[in-house]
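This report refers to the structure that appears directly beneath it.
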Amino acid sequence: MSDASPSNKHSRPSRVTTDQQVESPDWEDALQTPVQFVRSVGPERAALLENLDIRVAIDLLYNAPRDVLDLSNVKTPAELEAGMQQSVCGKVVDTESRRTSNGKTMSAVLIRCGRAFVRGVWFNQPWILKRFFPDNVVLFSGKPKMRSGRWEFSNPHTQWLENDDAATEDGLPVTVIPRYGLTDGLKMYEIRRATKATVEDFVHLVPELFSPEALESWKLLGIREAITKLHLPKSMDEYREGYRRLVFQDLVEFQLAIELRRRVWWSGVPAPKMPCTAKIDSRIRRLFPFNLTPGQNQAIADIVADLNAGRPMHRLLQADVGSGKTAIAMYAILVAIANGHQAVLMTPTELLTTQHWQTIDKALAHSRVKRRMLTGNLTSQQRQDVLEEIRSGDVQLIIGTQALIQKSVTFSNLGLVVIDEQHKFGVGQRAKFSTGIQSPHILVMTATPIPRSLCLTQFGDLDLTTMSDMPPGRQTVKTFRVYNANTRKRAWKFVRERLQEGRQVYIVCPRVGETEADAGQLELSFDEEFPELSEKPAEPVQETLIGSAEELFEDLQKNELKGFSVGMVHGRMNTQAKADAMEAFRTGETQALVSTTVIEVGVDVSNASVMVIQQAERFGLSQLHQLRGRIGRGKHQGFCFLFSDASSTDVVKRLSAMEKHTDGFKIAEVDFDLRGPGDILGSRQHGSLPLRFGHLIKDRKLVEETREAAVELVKSGQFDDPLLAPLKSAVLDRFAELMDLPRSG
Ligand code: ADP
Ligand code: MG
C-alpha cells in the first residue's frame, strides 16, 4: 500500500478506485468492496460518499460520527422540572419575532411535543428563525422555566433531528443516534442506513490488530464489537465504549510511530560527538553581558550532555516569552562550531531572522565565526554565493528561514540545527533535517508553552527541557481589557503620557489592509452548535475599531497620536522596508509602531513598554501572550491594552483570562481548551495532527494512556513480535512517509 498520507483518515486505505470496480467484481478483500455495492447505496450515493473520502466498505466502518444524539433522557413536557438541565423533542409549529419593552428583539419558536407545546426563545438573534421550518423535528436542551402556563427554554441548545431520528409516534424518541458529516445532496438517514448495512454485512471481516492480552490490559472492546457499538449503539455507554476503542487505536498507532522514530534516532546513524571543554565554556560565557539564570544553565547542561552522547540530540526547549532562549541557542551553536561543525539557526519569519542576526552578529563582533543569513529574499546571485559557501564549509553559522530546508542547500559538515519558535514547524517538516547521510543534532525552541497532551503527541518524539525562570528584574505586563469609547480615550491618553516620558508603543492590528476576508472568523460558537446549517447570518458586521494597519496608521497620525512619530511594519512590505521600519523603531526614531502580527515572535526593543491591540478578540490567547511578551523587557513596567468591542461571553472569557493570567503555560491551557490546537500549532497544513478519531482536548486522558502503552510495547520488544505484525504494518502504512520511518521497522 502506498497511500500513507497524513490526511488519509482511514486505517486501511482504499485500494480500489471507482473505475476498477466494474471490471473486477470479486474483491480479494471484501472490506475493499466499493461502497456502490454496499446494500442501500448504489452509484449515485457512492459518488456523494466519495466527497467524504468514503470509497470502500471499510471506509464506512471507520467513518467517525461527528457527534451523537442522546435521546434517552428526553422528557415529555409533563415530566419537566424547572431549572434542571433537560431536553424535549418536538415538531416546529410556529415562529415569531418581536421587540420587547427594553428594546431587544425576542425570537420564539413554538414546538409541539405530544399534546403539549413548548417554546424556545432567543434575544437579539433575529436571524435564528431562518433556521426553523414548520414540521422540523428539533431537540431543545437547557433549563426550562414555566411561563404563562407553558414551558419555555431560553437560548436552548438546539439539535435538528432527521426524519428518522424521532423514533416513536408521539415525538418521543427512545435511543442514541450517531450523526455523521454530510455532503451536499446526501441525507443523514442515507449515510446512516449505509453504515448500518455495512456493519451488518462486513464487520465480521475486520481484522483485530491488538492481542487478547492487550485488549484485556487496556480494557478495550474487540474491534468488531467496537465498530458495531459505535455505529449502532443501544445506549450512550455502548457508544462511548466503542468510541474509546477506536480513539485508542488511532492514538496508539500515532504514538507507536513516534516511538519508532525515537528508536530510529537512537539506534541509527551516530551523530558527531561535540564535547564542551571548560575552555570552550568560558569563552562562550564571556560573550554574554549578563550571568545566565539557573534555568538557562540547566538547559545548557541538558544540551551539552546531548551533544556529547554520540547520538543525535532531539530536544525541545520550552520556555515562556522573554526567558532568554537566544542565549541558549547561541551557546549550543558555539559548541558545535568550536568542534569544527556548521550550525544552523532556523526561524519562521524573515523579520525574526533579521532580529536574531542583529543580536548574534553583535555578540560575535569580536569573534572569528564566519556567519551568513539565508532567506527567500536574496537575489539569485547572492543566494548562489551563500549556497556555495555553505557547501564548501566556508561559512560556519547560517541564520535563515525555511529557505534552509530546500533541497538545493547542501552542507559541508552540518552538526547542529536550532529551530526557533518550533510550533510553526510540524512533525513532517522536522523530519527533513534528519534524512540524508548526515544526522545533525536538533534543538527546537518554543516560546508558546505547549499543553501536555500536545507535548505527548506533536512533540512526543523529542526530549523535553522546560525552563521556568526569567532573567532577573523582569516585571509582568499589566493587561487591561478596553471595551468602550470611554476607556479607549483613557488608554490613548495613557499611551501619550508614556510617549512623552520617552517610552515607545506597539499598536497591533489583525490585518494589513481592508481586503482580507477574515471578518468574523472567531464568532464560531453559533456555527459550531449548528454545523449542518452553516449559512452565515445576514447581519452586517459593524466595525467600530479599525482593524487595518494601513488605515490605523493614517488615523492615529491625525487623531490620537498627532504630533508623535508613527511607523508601520507589516507582512506585505518588502524585506528592506520591514527592516528599515524596525530599525527606526529600535533606534527610537519612531515612537509608535503600527504593525500586524509580524512582531509576534522574537522582536526585542526594550524601550517599548506599552502595547495596544486592536480587535483583540481576533487573536488566539497564546498569540496575545506572545505579542505582549514584546513589552516589559527592559526596566520599565509593561502595559498591554486589549481593545475589543465584541461582547460575546466567549470573547469576554478569553480576554479576561489575559488580564488574570501572566503565566504562559496557564494561558496555553486556557487557549487550548477554548479553541483547540490550531492556534498553538500555527497554520493547519503545518501543524495539524494526523489523527482520525482522537481529539486532544476531549481525549486528553487517552493521550496519556496510549503514550504509556506505546512506550511499553516498543521498549519491551513486544512490538517486534510477529503476533503484532498487523499492528506494525498498520502503523507504517499510516506514518512511514510522514515521519520518515524505515519500512523494515
Ligand atoms: P526569548 O527568545 O526566550 O523570548 P530572548 O532570548 O529574546 O528571549 O531574551 C529576552 C531578553 O532577555 C533579551 O534582551 C536578552 O538579552 C535578555 N536576557 C537573556 N538572558 C538573560 C540573563 N540571564 N540575564 C539578563 N538578561 C537576559
Ligand atoms: Mg526568541
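Every number for a ligand or one of its atoms is a count from 1 in the order of the listing.
- Residue contacts with ligand 1: Thr326 is placed with a nitrogen or oxygen under 3.5 Å of a nitrogen or oxygen of the ligand (distance criterion only).
- Checked by distance only, ligand 1 and Gly322 come closer than 3.5 Å through their nitrogen or oxygen atoms.
- Considering all non-hydrogen atoms of both residues, Ser412 and Arg391 come closest at CB-O, 3.0 Å.
- The residue Met445 has no part lying near ligand 1, judged by heavy-atom distances below 4.0 Å.
- In this structure, a donor-acceptor pair under 3.5 Å is absent between the side chains of Arg498 and Ser609.
- Taking all atoms of both residues into account, the shortest heavy-atom contact from Arg628 to Ile667 is NH2-CD1, 3.0 Å.
- Using modelled atom types and a 3.5 Å distance limit, the side chains of Thr375 and Thr401 yield no donor-acceptor pair.
- Not a single heavy atom of Ala319 sits under 4.0 Å from any atom of ligand 1.
- Under a 4.0 Å N-O distance rule, the pair Glu704/Arg707 does not qualify as a salt bridge.
- At a 4.0 Å heavy-atom cut-off, ligand 1 does not touch Thr359 at all.
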*Going through the checks in order, is the side-chain contact (heavy atoms from CB on, under 4.5 Å) test met by Ile390 and Arg372?*
CA-CA 9 Å; Ile390 296 176; Arg372 280 269 181 269; over 6 Å; no

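- In summary, the atoms of ligand 1 found under 4.0 Å from a heavy atom of Asn291, numbered by their order in the structure, are 22 (C), 23 (N), 24 (N).
- Heavy-atom proximity to Thr293, at under 4.0 Å, picks out these atoms of ligand 1: 23 (N).
- Where the criterion is an N or O separation shorter than 3.5 Å, residue side chain and backbone included, Gly324 meets it with respect to ligand 1.
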